[in-house]
Amino acid sequence: MIVSLMRTVILYLIVIGGVRLMGKRQVGELEPAELVLAMMISDLAAVPMQEYGIPLLYGVVPIVTLLCLTMLLSVATMRSVRLRALMCGKPSIVVQEGKLRQNEMRKVRMTIDELVEELRLQGVTDLTQVQYAILETNGDLSVLLKAEHQPVTAAALAHPPEQETLPLVLINDGRVLTDNLTALGLEERWLQKTLRAFGVQSPREVFLLSADRAGKLYFAAKEDAG
Amino acid sequence: MRRVWICVALLLAMLGAAAWSGARLTALTGEMSADLRRAQAAAEAGEWEEASELTARASGRWQARQRYLYIVLRHSAANDVTTGLREVEALLRWRETAEYAAANARLLVLIESLAETERLTAENLL
């Protein structure tokens, strides 16, 4: 049992490390090569975890090899447009100016039901409103509506609102994040004054305090457990 | 770029380690096979003591690298060889000529197949 436990820990750390090495894209958007990697790794890691008679290296070596090859391939595809098209495919325009491009749909084996469903998921029910619908290489459908059907923006109304800045967390569950305090140009004295204004004496009583450059604050006091 | 070099280094290291391990296994199984064949010839000539010594030497080589072997080989394959060596040693003690010859031949096939499966050949690849 201890062997299984240790093997699981080792393989888990290797897989997590490898996926981390691949970068953030791996988590949400799987290109074909990454999808293959995810499927193969899960299988390779499972076998030596359960079967004591198989050396751990029989799982580790293929996993590390796959991770390295995928990394090299992703760098190569970044540099070569041709290789990228070969490995990841090209985006396909399936709707152009409200008209279905049936040849393109056949090429990517997309049925009309799938297209309509994807459009509905994006809040579009009328095909004639679509300027372009593009099937991306990761399988997502990007939809660009015709100008007259696009939602009104503040810029279109010639009344741009003030740009909001990113709020930073200053106290997280009782802990003061001094780096964020400094980043906003604030001091401990300001923090103490602000806390008193919210009716608390110490950061330990605060669950969350965030602020942005415009001085907008969000405060949540700690609630009693139970 | 650093990640690329890490990947290249890892791949080269694994390739080197695999080649080194294959060569080490080939050398070990080659030495053991030679000892076991000489032991077979000695037993056929009635030299039972010499046959026992040669088999014990092959067994010693195997035992000395057991940890390494269990790391790089399927445990069932390594266990089969260990069992085969014990069986052959016992048959030599009892001087069972026919049974010893059959068991030794089986053991030789097992040992030679270990190195064979690690070789980069078309048969193994396909």
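Keep in mind the model is a prediction, meaning the values are calculated, not measured. Quick note on labels: first sequence line is chain A, next is B, and so on, each numbered from 1.
- How far OG of A:Ser74 is from CZ of B:Arg3: 9.0 Å, rounded to the nearest 0.5 Å.
- For OH of B:Tyr68, the number of neighbouring non-hydrogen atoms (other residues, nucleotides, ligands) closer than 6.0 Å is greater than 12.
- Contact annotation for A:Val75: only side-chain heavy atoms (C-beta onward) come within less than 4.5 Å of a heavy atom of chain B.
- Minimum interatomic distance between B:Ile71 and A:Pro55 (heavy atoms only, all atoms of both residues): O-CB, 3.0 Å.
- Under the 4.5 Å side-chain criterion, counting only non-hydrogen atoms from C-beta, A:Val64 is not in contact with B:Leu11.
- Side-chain contact between A:Ile54 and B:His75 is absent, with no heavy-atom pair separated by less than 4.5 Å.
- Environment of CZ in B:Arg119: crowded, with over 12 heavy atoms of neighbouring residues, nucleotides or ligands closer than 6.0 Å.
- Counting heavy atoms of neighbouring residues, nucleotides and ligands inside a 6.0 Å radius, atom NZ of A:Lys222 exceeds 12 of them.
- Summarising the geometry, atom CG belonging to B:Leu10 is positioned 10.0 Å from atom CG belonging to A:Leu72; distances are rounded to the nearest 0.5 Å.
- Exactly one of A:Leu57, A:Thr65, A:Val60 qualifies for a side chain to side chain contact (heavy atoms under 4.5 Å, CB included) with B:Met14. That residue is A:Thr65.
- Minimum interatomic distance between A:Tyr58 and B:Glu118 (heavy atoms only, all atoms of both residues): OH-OE2, 4.2 Å.
- In this structure, A:Phe207 places its CZ atom where only 12 or fewer heavy-atom neighbours from other residues, nucleotides or ligands lie under 6.0 Å away.
- Residue-environment remark: CZ (B:Arg95) exceeds the threshold of 12 foreign heavy atoms within 6.0 Å.
- Around the NZ atom of A:Lys107, the shell of radius 6.0 Å holds no more than 12 heavy atoms that belong to other residues, nucleotides or ligands.
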